[in-house]
Amino acid sequence: VPADPHQVSPPAADAGPPADTGPPADTGPPEFAFVELETVRVAYIRSIVAAEDVPEFMADALGMVADALRRAGVHAAGPPFARYFAMTDDGLDVAAGLPVAEPFVGAGVVHPGELPAGPAAVATFLGPFEGLEAAWIALRRRIVELGRTPGDDPWEVYFIGPGCEVVEAEWRTELVWPLVSDSAGR
């Protein structure tokens, strides 16, 4: 469970292509694919959080989600995620949660929901969270270069991170960027 997620969100889908400042070669996603996602049931907490408060929010939210699931007798079905909705004047609109193995009705501030099905670009980033912003920029650039359109509300899945017995260089985060379906249905 990441206790110190990165403090910058992926660039907004409508922000236009990132400036081609030529990020260092090792900041791009090492693995990349277009995939068709299936719906994933989740339990989550969503809030608007100042960028400097994201690490604390993530740690607190994931702990509260795990506690709510335990109390409800519902099992987590995978690693934690963070989904990014928008940057507002008040901060980053972000959700943090866990996939669930069975239906969850919610409890207090912990809500049931879904990560959506549909076309997406998926990349695996290896390394500390400080490199995620450059990886998101490289992923968006690659999506656009290949003629696809980034959609809304991308998310990260934290497979290996803080709390694991590995060095930061081995942390593994999956970047998932939903795509706008084109007229050919892709």
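Numbers here simply count residues along the sequence, with the first being 1. These numbers were taken from a predicted model, which means no experiment stands behind them.
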Please state whether the rings of Trp171 and Phe129 are parallel, tilted or perpendicular, taking 30° and 60° as the class boundaries. tilted

Is atom CD of Glu145 surrounded by more than 12 heavy atoms (other residues, nucleotides or ligands) closer than 6.0 Å? yes

Output for pair (Leu98 CG, Arg41 CZ), nearest 0.5 Å, gives 14.0 Å

Could you tell me which residues satisfy side chain to side chain contact (heavy atoms under 4.5 Å, CB included) with Ala68, sequence neighbours excluded, listed by chain and number? Arg71, Phe104, Ala107, Val110

Does the side chain of Glu156 pick up a donor-acceptor pair with the side chain of Trp136 at under 3.5 Å? yes

To the nearest 0.5 Å, what is the distance between CG on Leu69 and CE on Met64? 12.0 Å

Of the non-hydrogen atoms in Leu139 and Ala123, which two are nearest, and what is the gap between them? CD1-CB, 4.1 Å

In the structure I gave you, are the side-chain heavy atoms of Val40 and Phe81 within less than 4.5 Å of one another anywhere? no

I'd like to check the salt bridge (Lys or Arg N to Asp or Glu O under 4.0 Å) partners of Asp60; sequence neighbours left out, ordered by chain and number. none

Indicate the atoms forming the closest heavy-atom contact of Ala77 with Ala101, along with that distance. CB-N, 3.6 Å

So how far is it from Asp93 CG to Ile48 CD1, rounded to the nearest 0.5 Å? 5.0 Å

Test your reading of the model: is there a side-chain donor-acceptor pair from Glu102 to the backbone of His75, 3.5 Å cut-off? yes

Which residues satisfy the salt bridge (Lys or Arg N to Asp or Glu O under 4.0 Å) test with Arg172, sequence neighbours excluded? none

Please report the shortest heavy-atom distance between Arg83 and Asp153, naming the atom on each side. NE-O, 2.8 Å

Do Val122 and Leu175 have side chains that get closer than 4.5 Å, going by heavy atoms? no

